[in-house]
Number of protein chains: 2
Amino acid sequence: MSNFEALFDYIQEISGKLLSEDDKHLLMAHFKPKKLRKRQYFLQEGDVCKYIGFIVKGSARTFTVDEKGHEHILKLSLENWWLADFESFYLLTPSRFNIEALEDLEVLQSTNAQIEEYLKQIPAFSAMANVISQNYTIANQKRMQAAMSYTAEERYEDLVSNYPQFLQRFPQNMIASYLGLSPETLSRLKKNSFK
Amino acid sequence: MSNFEALFDYIQEISGKLLSEDDKHLLMAHFKPKKLRKRQYFLQEGDVCKYIGFIVKGSARTFTVDEKGHEHILKLSLENWWLADFESFYLLTPSRFNIEALEDLEVLQSTNAQIEEYLKQIPAFSAMANVISQNYTIANQKRMQAAMSYTAEERYEDLVSNYPQFLQRFPQNMIASYLGLSPETLSRLKKNSFK
DNA sequence: ACCCTGGATTGACTTATATCAAGCGTATTT
DNA sequence: AAATACGCTTGATATAAGTCAATCCAGGGT
């Protein structure tokens, strides 16, 4: 009995439309609750990302491992975010990413085929998808700009003001990796910014 | 009499659907041809991006200027690409970007309100939008990963294999800025990679 | 044909960030 | 409660890339 209310609320809020009872039953029929314990993997590099997950509770990171064995975090995800490697999910290609629970994680997951169904059947769902797509495009554009034009310190300040929750929920070395910094550099940077 | 055929072909190819004669007339009614000479601006920082443009001919760059007066290129665009600051275009906020023609440029441009109309009225157009949205998401994910985990040299090689046209069409200092490098660094990097 | 501008290259030097290594405190496991 | 692992900090050093400056070359404009 996972909490579908979080998903319903989210869809209605983002789309600005209401879900009918039929809509809700359709969603409940094919979104499957899944629980992962901290450290468990939602997706492993090399596997196809068959499911997209809606985070009801907990957090996760999406990361790659380079040839030298260094990890790079591309995404940190919290409640009410979607979890997937979209490239693999859309194209059914093996993923280059790992997605790992950073805290005990509850998701509602569904397949691409089923999502396509929802897009056709549920107006609120399709409206939500359009809004999300816009938001992603905007967020990506911003993050890309930040990565290219900002100094490490500016990127950190940006994160502090835009995602203050991250500081509460994720250890500093994860934040560092997300910002493209070594943990040492982030530590020093914070110390210096007090002056 | 600008060339709408390029736009029609593009929509049909990406969407996998055909445009009816009515569809085409609708598109021709509200996409306005616009020509810019090299160096002219499609969008200036501080203005709202009222139009989205489909590039029929020519090229452009999207860039910011930081406090030190340094330019950072976020996007290089060629024929059959869409030109806009999506954040400003969707939200009607003043743009933080400049979009400048790098070669004489022919676009077909339209407003957001009109695009919404097309999405409702023209099935091929709406299918195209979904495909583009997927492609953008995938491309952004890749570029972000490249920016975070790759060395300058790997990013350059990536560009050489994925966008070889860029090397033909854009001067090296623009490529450098797009890769987040100084022109000097790119020059040296190319020299060394011969060894 | 000439000038002039923009782009590319090269050298010398500076700076930001990574790397390696050690030490410390706190939470987690058993 | 002891043992262990994890995360954070700090110092010393290395490295990649940026900056500044000079030169050279080619193409476009007059």
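Keep in mind that what you see is a predicted model, and the values were worked out from it rather than measured. Hydrogens, waters and symmetry mates are skipped; everything else that's a heavy atom, side chains included, is used. In what follows, every chain begins at residue 1, and chains take the letters A, B, ... in the order their sequences are listed.
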Quiz item: Does a donor on one side chain and an acceptor on the other come within less than 3.5 Å for A:Ser20 and A:Asp23?
Solution: yes
Exercise. Take the angle between the ring planes of A:Tyr118 and A:Phe31 and call it parallel below 30°, perpendicular above 60°, tilted in between.
Key: parallel
Quiz item: D:dG11 P sits how many Å from A:Arg188 CZ, rounded?
Solution: 9 Å
Quiz item: How long is the line joining CG of B:Asp66 and C1' of D:dG18, in whole Å?
Solution: 13 Å
Quiz item: Under a criterion of less than 4.0 angstrom to any heavy atom of chain A, what are the 5'-terminal and 3'-terminal contacting nucleotides of DNA chain C?
Solution: C:dT17 to C:dA21
Practice problem: Compute the bend angle of the helix from C:dA1-D:dT30 to C:dT30-D:dA1 from the end axes (five pairs per end), rounded to 10°. | Solution: 50°
Quiz item: If you measure only the distance, is there a donor-acceptor pair under 3.5 Å linking the side chains of B:Asp85 and A:Gln141?
Solution: yes
Quiz item: Any donor and acceptor pair, going by atom type alone, linking the side chain of B:Ser149 with main-chain N or O of B:Ala146 inside 3.5 Å?
Solution: no
Quiz prompt | Check: A:Lys24 and A:Phe4 side chains under 4.5 Å, non-hydrogen atoms | solution = no
Exercise. Using whole Å, report how far CG of A:Asn192 lies from P of D:dC8.
Key: 17 Å
Exercise. Please check if the side chain of A:Thr137 supplies one atom and the backbone of A:Ser133 the other of a donor-acceptor pair under 3.5 Å.
Key: yes
Quiz item: Rounded to whole angstrom units, what separation is found between the CD1 atom of A:Ile73 and the C1' atom of D:dG7?
Solution: 13 Å
Exercise. Step by step, work out the ring pair (Phe, Tyr, Trp, His ring centres under 6.0 Å) result for B:Tyr178 and B:Phe170.
Key: CA-CA 10 Å; B:Tyr178 176 77; B:Phe170 302 114; 8.4 Å; no
Exercise. Whole angstrom is fine here: how far is it from NE2 in A:His70 over to P in D:dA16?
Key: 13 Å
Quiz prompt | d(CZ, B:Arg155; C1', D:dA16) in whole Å | solution = 11 Å
Practice problem: Looking only at side-chain atoms of B:Ser182, point me to the closest of D:dG11, D:dG18, D:dG7. | Solution: D:dG18
Quiz item: Tell me: CG of B:Leu181 to C1' of D:dT19, nearest whole Å?
Solution: 14 Å
Practice problem: Determine: side-chain N/O of A:Gln172 to OP1/OP2 of D:dT9, distance under 4.0 Å, yes or no. | Solution: yes
Practice problem: Output yes when a side-chain donor or acceptor of B:Ser177 lies under 3.5 Å from a complementary backbone atom of B:Ile73, and no otherwise. | Solution: yes
Exercise. Output the single nucleotide from D:dA17, D:dA21, D:dT10 whose closest atom is nearest the side chain of B:Glu184.
Key: D:dA21
Quiz prompt | Below 4.0 Å: OP1/OP2 of D:dT10 and any side-chain N or O of A:Lys191 | solution = yes
Exercise. Look at the rings of B:Phe86 and B:Tyr136 and say which category their plane angle falls in: under 30° parallel, 30 to 60° tilted, over 60° perpendicular.
Key: perpendicular
Quiz item: Atom CD of A:Glu71 and atom P of D:dG7: how far apart are they, to the nearest Å?
Solution: 10 Å
